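Values reported hereafter were calculated over all heavy atoms of this structure, with side chains retained and with hydrogens, waters and symmetry mates removed. The structure displayed is predicted, hence computed values, not measured ones.
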Amino acid sequence: MTEQCWLAVDLGAESGRVMAGLFDGERLRVEEVHRFANGPVLLAGTLRWDALRLWTEIRAGLAKGAAAYRERIVSVGVDAWGVDGVLLSKSFEMLGQPWHYRDERTRGLVDAACNRVPRREIFAATGVQFLEINTLYQLLATKRDAPELLDAAECLLLMPDFFHWCLSGSRVSEFTNATTTQCFDPRAGDWARELLRRFELPAGIFPQAVPPGTKLGRVREEIARDTGLGRIDVVAPATHDTASAVAAVPCPSGGVPDWAYISSGTWSLIGVEVAQPVLSERALAFNMTNEGGIDGTFRLLKNVMGLWLVQECRRSFERGGISLDYAELSRQAERARPFRSLVDPDDPRFLNPADMPLAIASFCTETNQPSPATPGEFVRCALESLALKYRVVLGGIEELTGVPVRTIHVVGGGARNELLNRFTASACGREVIAGPVEATAMGNVLVQARAAGEIGSLSELRDVVRASCGPRRFEPEDETGWREPAGRFAALLGRAG
């Protein structure tokens with residue numbers, strides 16, 4: 001079979017890419033066509049996304065893809081981070097620059113919302129983890145600070161849906177991303193309209209939710225002409241990047257699903273795949289989330305701050321004149337003293353600090369621990385703390401599902417971090433299978449290929465992934481050495497709680 005090509009636009013918090021997925025009916029290979037920087041833009045004391053620049057970069061990448069793969073291209077689809085979106089007016093004008101989820105305007109709104117509608121009722125209606133970055137609190141902030149925008153809004157398009165509108169004119173919300181907002185009822189498969197009414201938010205701005213794999217129409221004529229793509233299909237993949245990554249977990253078909261995943265990058269999303277959302281009191285107590293997946297599955301998971309801690313430490317070191325790549329930071333971390341200091345990665349001070357090392361040091365001081373002093377010590381603290389947080393989250397997931405987790409699949413960019421993979425295997429006492437690194441792009445492409453009839457079931461999709469990549473395996477090295485630090489870490493979490 002001649003290789004066919006699908007283009008995946010993959011937008012992350014630090015960078016975006018246009019990727020080409022080339023599939024011969026048995027194996028998939030992905031090639032980077034265009035990469036560009038992403039990140040928050042400081043505007044009048046607020047943090048925003050530069051959506052128009054991202055659209056310019058996407059168009060440039062699509063033009064490169066058209067030039068390289070021409071008539072082999074079948075369709076294009078976009079995946080991105082969750083919770084942020086663009087408000088459009090009745091005449092389809094953008095109502096302001098979209099907010100960045102790390103902006104401070106939502107501080108304190110989780111508690112304020114729960115004072116109005118009890119936490120238990122919000123969770124029962126949405127099944128989503130309480131995070132101040134969620135779309136629900138962003139809308140409440142807009143209602144408080146700029147109600148005229150909501151009054152003028154015709155629809156809210158989450159980031160990947162917005163770029164699908166740019167591409168094709170479609171105005172829908174894809175299921176996997178809709179479920180991240182804390183505005184969607186996973187049991188009803190529709191927006192949580194009664195909850196939105198209680199918050200006096202306009203339910204009418206939320207567009208129809210469609211499943212992953214939905215064909216949204218053809219590329220707009222002017223885009224087809226300017227990029228050279230032609231009038232190819234625009235297909236909604238699993239538009240939440242984690243949903244695409246989980247679709248590409250190379251787990252075996254059949255049997256009891258005794259594996260967990262960590263979609264590892266700026267955020268670490270750790271969870272399992274379940275058939276129905278878990279909305280129990282214990283799930284609420286664990287602050288778990290239920291996000292949509294492929295074929296009506298759900299991702300029972302928890303968001304953990306992730307490699308953001310390391311990324312921000314590195315930026316801080318560079319500002320101080322110490323320029324180290326991630327490989328060198330890992331080497332220095334490996335040489336640093338183990339378990340010297342630990343932090344809760346999800347402490348609010350780490351969400352968007354001016355100086356990450358200073359924030360880590362302040363946590364250590366407040367908890368009577370020695371503060372890290374060198375780049376290696378800071379990174380080791382972050383990585384050991386992440387591994388121990390994974391251990392805690394896995395324990396909660398096993399309690400909720402009653403199914404022991406035997407294998408952890410680490411996918412995404414963090415799969416390259418060998419030291420974190422080793423720590424994770426030892427801290428959790430389970431085999432870690434790392435890869436594919438390009439899981440998000442692979443999942444995006446394969447859902448598009450499935451929409452074209454080239455693949456059948458989700459199991460077949462994952463068979464293609466297994467045939468196409470060679471993941472690395474990590475076995476626990478020193479489980480007993482992690483027991484005492486695990487106890488210390490649990491005490492830190494108890495103090496924070």
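Ion pair Glu14/Arg315 flagged as a salt bridge, since at least one NZ, NE, NH1 or NH2 atom sits closer than 4.0 Å to an Asp/Glu carboxylate oxygen. Using a 4.0 Å cut-off between charged nitrogen and carboxylate oxygen, Arg225 and Glu222 do not count as a salt-bridge pair.
Counting only N and O atoms by type, the side chains of Gln448 and Ser75 include a donor and acceptor under 3.5 Å apart. Looking at Glu132 and Tyr101, their side chains never bring a donor and an acceptor atom within 3.5 Å of each other.
Legend: residues meeting side chain to side chain contact (heavy atoms under 4.5 Å, CB included) with Ala20, ordered by chain and number and at least two apart, are Cys5, Leu7, Val33, Tyr69. Evaluation of the side chain to side chain contact (heavy atoms under 4.5 Å, CB included) rule for Ala452 yields Trp6, Val74, Glu454 as partners, not counting sequence neighbours. Scored by the salt bridge (charged side-chain N to carboxylate O under 4.0 Å, His left out) test, Arg171 finds no partners at all (sequence neighbours excluded). Contacts of Arg29 classified as salt bridge (charged side-chain N to carboxylate O under 4.0 Å, His left out), with partners at least two apart in sequence or in another chain: Glu3, Glu31. Applying the side chain to side chain contact (heavy atoms under 4.5 Å, CB included) criterion to Val437, with sequence neighbours excluded, gives Ala415, Arg416. In this view, Arg462 and Glu273 satisfy the salt bridge (charged side-chain N to carboxylate O under 4.0 Å, His left out) rule, not counting sequence neighbours. Every residue was checked against the side chain to side chain contact (heavy atoms under 4.5 Å, CB included) condition with Pro348, not counting sequence neighbours, and none meets it. Among residues two or more places apart in sequence or in another chain, the side-chain hydrogen bond (donor to acceptor under 3.5 Å, both in side chains) test is passed with Tyr261 by none. Take Asp103 and apply the salt bridge (charged side-chain N to carboxylate O under 4.0 Å, His left out) test, not counting sequence neighbours, and it matches no residue.
In terms of heavy-atom proximity, Arg349 sits nearest to Pro353 at O-CB, 3.4 Å. The two atoms that bring Ala8 and Val445 nearest to each other are CB-CG2, 3.8 Å, heavy atoms only. Between Pro212 and Phe175, the closest heavy-atom pair is CD-CB, 4.3 Å. When every heavy atom of Ile133 is checked against every heavy atom of Val83, the shortest pair comes out as O-CG2, 3.5 Å. Taking both residues in full, the closest heavy atoms of Leu136 and Leu201 are given as CD1-CD1, 3.8 Å, listed atom of the first, atom of the second, then distance. The two residues Arg187 and Asp185 come nearest to each other via the heavy atoms N-OD1, 3.0 Å.
Within the structure, every pair that satisfies the ring-ring contact (aromatic ring centres under 6.0 Å, His included) test and touches residues 196-231, not counting sequence neighbours, is listed here: Trp191-Phe206. Listed by first and then second residue, the side-chain hydrogen bond (donor to acceptor under 3.5 Å, both in side chains) pairs that reach into residues 239-251 are Glu174-Thr239, sequence neighbours excluded. Listed by first then second residue, pairs satisfying side-chain hydrogen bond (donor to acceptor under 3.5 Å, both in side chains) with a partner in residues 40-53 read Thr46-Arg48, Trp49-Asp84, not counting sequence neighbours.
Between the side chain of Ser316 and the backbone N or O of Glu312 there is no donor-acceptor pair closer than 3.5 Å. Under the 3.5 Å distance criterion, the side-chain polar atoms of Thr106 are left unmatched by any main-chain donor or acceptor of Leu109. Judged by distance alone, with hydrogens and angles left aside, the side-chain atoms of Ser170 form no donor-acceptor pair with the main-chain N or O of Val172 at under 3.5 Å. Although no hydrogens or angles enter the test, the distance criterion places a donor-acceptor pair under 3.5 Å between the side chain of Asp355 and the main chain of Leu358. At distances below 3.5 Å, at least one donor-acceptor pair connects side-chain atoms of Asn115 with backbone N or O atoms of Asp111. Between the side chain of Lys302 and the backbone N or O of Asn287, at least one donor-acceptor pair lies under 3.5 Å.
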Problem set entry | Chi angles and distances behind the side chain to side chain contact (heavy atoms under 4.5 Å, CB included) call for Arg220, Leu167 | CA-CA 6 Å; Arg220 292 178 190 261; Leu167 283 166; over 6 Å; no
For this session: For Gln138 and Asn134, run side chain to side chain donor-acceptor pair (under 3.5 Å): C-alpha distance rounded to whole Å, both residues' side-chain angles, the deciding distance at 0.1 Å, then the answer.
Result: CA-CA 6 Å; Gln138 296 203 42; Asn134 291 349; over 6 Å; no
Exercise. Would Arg105 and Thr142 count as a side chain to side chain donor-acceptor pair (under 3.5 Å) if you check the C-alpha gap in whole Å, the side-chain angles of each, and the deciding distance to 0.1 Å?
Worked result: CA-CA 9 Å; Arg105 69 189 183 128; Thr142 301; 3.0 Å; yes
Problem set entry | Test side chain to side chain contact (heavy atoms under 4.5 Å, CB included) applied to Val278 and Asn290, step by step | CA-CA 7 Å; Val278 179; Asn290 295 269; 4.0 Å; yes
For this session: Output, in order, the C-alpha distance, side-chain angles, deciding distance and verdict of side chain to side chain contact (heavy atoms under 4.5 Å, CB included) for Leu386 and Val304.
Result: CA-CA 8 Å; Leu386 281 174; Val304 174; 3.8 Å; yes
For this session: Report the C-alpha distance between Arg218 and Ser168 in whole Å, list the side-chain angles of each, state the deciding distance to 0.1 Å, and finish with yes or no for side chain to side chain donor-acceptor pair (under 3.5 Å).
Result: CA-CA 6 Å; Arg218 296 190 181 276; Ser168 69; over 6 Å; no
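Counting heavy atoms from C-beta on, the side chains of Leu158 and Ser173 come closer than 4.5 Å. Side-chain contact between Pro436 and Val465: present, with at least one pair of heavy atoms (C-beta onward) separated by less than 4.5 Å. In this structure the side chain of Val219 reaches within 4.5 angstrom of the side chain of Val76, judged on heavy atoms. With contacts defined as side-chain heavy-atom distances shorter than 4.5 Å, the pair Leu95/Val86 does not qualify. For the pair Leu131 and Tyr137, the minimum side-chain heavy-atom distance is 4.5 Å or more. Side-chain contact between Met442 and Phe23: absent, with no pair of heavy atoms (C-beta onward) separated by less than 4.5 Å. In this structure, the side chains of Val9 and Asp79 stay at 4.5 Å or more apart for every pair of heavy atoms. When side chains are defined from C-beta on, Asn352 does not count as touching Glu104, because their heavy atoms never get closer than 4.5 Å.
Between Leu309 atom CG and Leu383 atom CG the span is 9.0 Å, to the nearest 0.5 Å. Note that the SG atom of Cys313 and the CE atom of Met356 stand 6.0 Å from one another [nearest 0.5 Å]. The distance from the CZ atom of Arg35 to the CG atom of Asp10 is 9.0 Å, given to the nearest 0.5 Å. For the atom pair Leu269 CG and Gln129 CD, the distance stands at 8.5 Å (nearest 0.5 Å). Here the CG atom belonging to Asn177 is positioned 10.0 Å from the CH2 atom belonging to Trp81, to the nearest 0.5 angstrom. Taking CD1 from Ile122 and CZ from Arg116, the interatomic distance works out to 10.5 Å, rounded to the nearest 0.5 Å.
Annotation: Phe162 is not in aromatic contact with His164 [ring centroid separation under 6.0 Å not met].
Geometric assessment of Arg17 against the ring of Phe36 yields a negative cation-pi assignment under the 6.0 Å and 45° thresholds.
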